[in-house]
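Remarks on the structure that follows.
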Amino acid sequence: MENIVGVQISDRTLSVAVFSIYFPPTSNKTELVAQLSVTLEGLNGSCILIGGDINMRHPLWGPEVSDHRSSDEGLPFVDFIIKHKLNIWNDPNSDPTFHTTRAQTWIDVTVASAALDFAAHTWQVTTRTLSDHNYLEYNLGELERL
């Protein structure tokens, strides 16, 4: 799948499946969320960490912004989060995850299994980038802590 890249990181005590995702603005988001869901269903007992540009907005990961997109366009991803029992790390009060001279919005998301929640408080948006997408930073620390 060209929009989903994953890697399994393991040590003696823990296995974490890390995914980077990109949902193009004009893509069928429901179909891409379904593909991601099928990918996760093939994993056994792994902690999951997903981050990426989903090009969907929702009040759970960012404030209401008036533009051409509906604020409930993120519902397929919200359903996915609930189905897979993932937690949203984004702070809806953060700086925007996407920022240009014409617009700013919150379309980049980080979600993870509850076992990784110890690191959620380190999630932050870094605005000093050369990209129109700001960096999302977080620190998992040492995996042995789990």
Side-chain angles (χ1 to χ4, degrees), residues 1-63 65 67 69 71-100 103-146:
M1 287 176 247
E2 63 188 41
N3 299 321
I4 303 167
V5 176
V7 63
Q8 191 82 24
I9 301 172
S10 300
D11 67 7
R12 292 180 300 249
T13 60
L14 181 69
S15 181
V16 179
V18 180
F19 293 91
S20 176
I21 58 176
Y22 174 63
F23 295 172
T26 58
S27 65
N28 180 329
K29 307 296 190 302
T30 302
E31 182 179 311
L32 290 174
V33 169
Q35 289 175 4
L36 181 59
S37 191
V38 167
T39 301
L40 295 191
E41 289 166 5
L43 300 175
N44 291 326
S46 293
C47 289
I48 298 165
L49 176 65
I50 301 170
D53 176 2
I54 63 171
N55 277 299
M56 291 187 274
R57 295 179 320 158
H58 194 277
L60 289 175
W61 54 83
V65 175
D67 70 6
R69 292 183 265 213
S71 65
D72 64 354
E73 70 182 353
L75 290 179
F77 201 74
V78 171
D79 291 343
F80 165 82
I81 291 167
I82 293 167
K83 176 181 178 180
H84 293 281
K85 299 178 180 148
L86 301 173
N87 296 323
I88 301 168
W89 285 12
N90 290 54
D91 177 358
N93 299 311
S94 72
D95 287 326
T97 62
F98 176 82
H99 189 169
T100 67
Q104 66 180 21
T105 190
W106 290 254
I107 55 173
D108 303 292
V109 177
T110 307
V111 297
S113 301
L116 299 174
D117 277 353
F118 70 89
H121 74 279
T122 68
W123 185 96
Q124 65 181 6
V125 176
T126 299
T127 58
R128 294 186 184 138
T129 71
L130 298 176
S131 172
D132 50 7
H133 287 268
N134 291 321
Y135 298 146
L136 305 181
E137 294 184 50
Y138 43 86
N139 183 354
L140 292 179
E142 295 180 26
L143 295 180
E144 293 179 66
R145 291 178 19 187
L146 300 176

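Note that these values count all heavy atoms, side chains included, but never hydrogens, waters or copies made by symmetry.
The shortest side-chain heavy-atom distance between M56 and V109 does not fall under the 4.5 Å cut-off. Residues D108 and W61 form no side-chain contact, since every pair of their non-hydrogen atoms from C-beta on lies 4.5 Å or further apart. Side-chain contact check for N90 versus V111: every heavy-atom pair is 4.5 Å or farther apart. Contact of the I107 side chain with the F23 side chain is not registered, since no non-hydrogen atoms from C-beta on lie closer than 4.5 Å. Between H58 and L75 the shortest side-chain heavy-atom distance falls below 4.5 Å. Residues F19 and L40 form a side-chain contact, since some pair of their non-hydrogen atoms from C-beta on lies under 4.5 Å apart. Taking 4.5 Å as the limit, every side-chain heavy atom of L49 sits out of range of all side-chain heavy atoms of I9. Taking 4.5 Å as the limit, some side-chain heavy atom of L32 sits within range of a side-chain heavy atom of P24.
A distance-only check finds no donor-acceptor pair linking the side chain of S37 to the backbone of V33 [under 3.5 Å]. Judged purely by atom type and a 3.5 angstrom limit, N3 has no side-chain atom pairing as donor or acceptor with the backbone of I21. Side-chain atoms of S20 do not come within 3.5 Å of backbone N or O of G52 as any donor-acceptor pair. Not one N or O on the side chain of K83 forms a donor-acceptor pair closer than 3.5 Å with the backbone of V78. At distances below 3.5 Å, at least one donor-acceptor pair connects side-chain atoms of S113 with backbone N or O atoms of I48.
Interatomic distance, NZ of K85 versus CG of N87, reported as 11.5 Å (0.5 Å rounding). Between the CH2 atom of W123 and the CD1 atom of I88 there is a distance of 10.5 Å, given to the nearest 0.5 Å. Taking CD1 of I50 as the reference point, atom CZ of F80 lies at 4.0 Å (rounded to 0.5 Å). Taken from CG in L136 to CG in D53, the straight-line distance is 9.5 Å, to the nearest 0.5 Å. Atom OH of Y22 sits about 7.5 Å away from atom OG of S27, to the nearest 0.5 Å. Note: T110 OG1 to I54 CD1 = 10.0 Å, rounded to the nearest 0.5 Å.
Q8 and S15 share a donor-acceptor pair across their side chains, judged by distance under 3.5 Å alone. Donor-acceptor pairing under 3.5 Å is lacking for the side chains of N139 and T122.
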Run the side chain to side chain contact (heavy atoms under 4.5 Å, CB included) check on Y138 and L116 step by step: do they pass?
-> CA-CA 11 Å; Y138 43 86; L116 299 174; over 6 Å; no
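Not counting sequence neighbours, the partners of T30 by the side-chain contact (heavy atoms from CB on, under 4.5 Å) test are N28, P76.
The two residues P96 and V125 make their nearest non-hydrogen contact at O-CG1, 3.5 Å.
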